Amino acid sequence: MGIFNTIMEKLGLVKDKAVEAVAGTEAAAAEAPAAAEPAAPEASASEAPQTVDVIAVCEEIASKNGANLNWKTSIVDLMKLLGIDSSLANRKTLAEELGCPKDLIGGDYAQMNVWLHKAVMQKLAENGGKVPADLTK
């Protein structure tokens with residue numbers, strides 16, 4: 001899911017497959033007897049993601065970043081906070097990924113941005129993110 005998947009990766013909801021492979025190799029080396037059980041890695045790969053406190057992660061990034069971004073209500077600022085291109089073209093792509101109504105994508109970009117922020121927060125909550133209800137409605 002392109003841009004949304006990148007958002008999830010940046011928030012720790014999805015790990016980069018290369019990082020995951022290295023981590024799995026290191027874990028296997030550290031726990032040699034457990035590595036002999038082939039079912040364990042497959043089970044962990046199919047498990048639901050662990051819950052990640054989206055607000056805490058964003059606040060931590062914001063504290064290190066130093067920029068004054070309104071990421072709790074602005075999709076542009078949320079994307080900037082996560083180091084993702086927040087251009088209109090990228091936001092349109094993200095909107096299409098998440099099923100934004102066509103009239104918002106091709107029309108009122110302010111409304112599209114509001115819809116997009118809420119949709120991202122809802123999708124994060126559906127995928128293991130702990131997101132306050134007021135950010136998803």
Side-chain angles (χ1 to χ4, degrees):
M1 211 185 208
I3 297 169
F4 182 71
N5 195 43
T6 301
I7 291 170
M8 289 186 44
E9 286 176 8
K10 300 273 185 174
L11 292 171
L13 288 162
V14 174
K15 293 183 180 176
D16 183 313
K17 295 199 184 317
V19 171
E20 210 169 90
V22 170
T25 304
E26 290 172 358
E31 301 176 21
E37 302 172 24
E42 290 176 316
S44 65
S46 65
E47 288 177 10
Q50 291 184 338
T51 301
V52 172
D53 188 337
V54 172
I55 300 300
V57 171
C58 288
E59 286 176 348
E60 183 178 341
I61 294 169
S63 72
K64 292 176 183 176
N65 165 310
N68 188 18
L69 299 171
N70 190 14
W71 56 267
K72 287 184 182 177
T73 58
S74 168
I75 189 65
V76 172
D77 285 357
L78 178 62
M79 292 173 80
K80 285 180 182 179
L81 179 76
L82 299 175
I84 299 170
D85 174 14
S86 63
S87 67
L88 178 58
N90 240 19
R91 285 181 280 128
K92 283 181 174 182
T93 300
L94 179 59
E96 289 171 3
E97 286 179 17
L98 298 179
C100 182
K102 297 288 183 202
D103 60 322
L104 294 181
I105 296 174
D108 187 344
Y109 298 124
Q111 287 183 359
M112 179 188 78
N113 288 343
V114 170
W115 183 94
L116 195 50
H117 189 275
K118 291 188 184 309
V120 165
M121 291 298 174
Q122 287 172 342
K123 284 285 193 188
L124 290 172
E126 292 170 9
N127 286 283
K130 179 181 169 195
V131 181
D134 64 324
L135 295 183
T136 62
K137 296 181 181 188

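None of the values given here were measured: they were computed from a predicted structure.
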Kindly give the heavy-atom pair with the smallest separation between [X] and [Y], and that separation in Å.
{"X": "Gly129", "Y": "Val54", "result": "CA-CG2, 3.9 Å"}
{"X": "Trp115", "Y": "Gly99", "result": "CH2-C, 3.7 Å"}
{"X": "Lys130", "Y": "Thr51", "result": "CB-CG2, 3.8 Å"}
{"X": "Met121", "Y": "Trp71", "result": "CE-O, 4.4 Å"}

inquiry  = For residues Val114 and Leu135: do they belong to one hydrophobic cluster (side chain heavy atoms under 4.5 Å, members Ile, Leu, Val, Met, Phe, Trp, Tyr)?
reply    = no
Of Leu94, Val76, Asn113, the residue whose pairing with Ser86 passes side-chain contact (heavy atoms from CB on, under 4.5 Å) = Val76
message = Can you confirm whether Asn68 is buried at CG, in the sense that more than 12 heavy atoms of other residues, nucleotides or ligands lie under 6.0 Å from that atom?
response = no
key: Lys118 atom NZ: more than 12 heavy-atom contacts under 6.0 Å   = yes
ask   = Can you list the steps and then say if Thr93 with Phe4 is a side chain to side chain contact (heavy atoms under 4.5 Å, CB included)?
value = CA-CA 10 Å; Thr93 300; Phe4 182 71; over 6 Å; no
task = In plain terms, say whether Glu96 and Lys92 are close enough for a salt bridge, that is, a side-chain N and a carboxylate O under 4.0 Å apart.
result = no
From [atom1] ([X]) to [atom2] ([Y]), nearest 0.5 Å:
{"X": "Lys80", "Y": "Ser74", "atom1": "NZ", "atom2": "OG", "result": "7.5 Å"}
{"X": "Leu11", "Y": "Leu82", "atom1": "CG", "atom2": "CG", "result": "5.0 Å"}
{"X": "Lys10", "Y": "Leu78", "atom1": "NZ", "atom2": "CG", "result": "11.5 Å"}
{"X": "Leu104", "Y": "Lys102", "atom1": "CG", "atom2": "NZ", "result": "11.0 Å"}
{"X": "Ile3", "Y": "Arg91", "atom1": "CD1", "atom2": "CZ", "result": "10.5 Å"}
{"X": "Ile7", "Y": "Met79", "atom1": "CD1", "atom2": "CE", "result": "5.5 Å"}

message = Are Met112 and Leu88 packed together at the side-chain level, in the sense that at least one heavy-atom pair is separated by less than 4.5 angstrom?
response = yes
Does [Y] offer a backbone N or O that forms a donor-acceptor pair with the side chain of [X] under 3.5 Å?
{"X": "Asn127", "Y": "Lys123", "value": "yes"}
{"X": "Asp77", "Y": "Leu69", "value": "no"}
{"X": "Glu9", "Y": "Val14", "value": "no"}

request  = Under the side chain to side chain contact (heavy atoms under 4.5 Å, CB included) rule, what do Leu116 and Cys100 come out as? Steps first, then yes or no, please.
outcome  = CA-CA 7 Å; Leu116 195 50; Cys100 182; 5.7 Å; no
inquiry  = Could you tell me if Ser87 and Asn90 have a donor-acceptor pair between their side chains, going purely by distance under 3.5 Å?
reply    = no
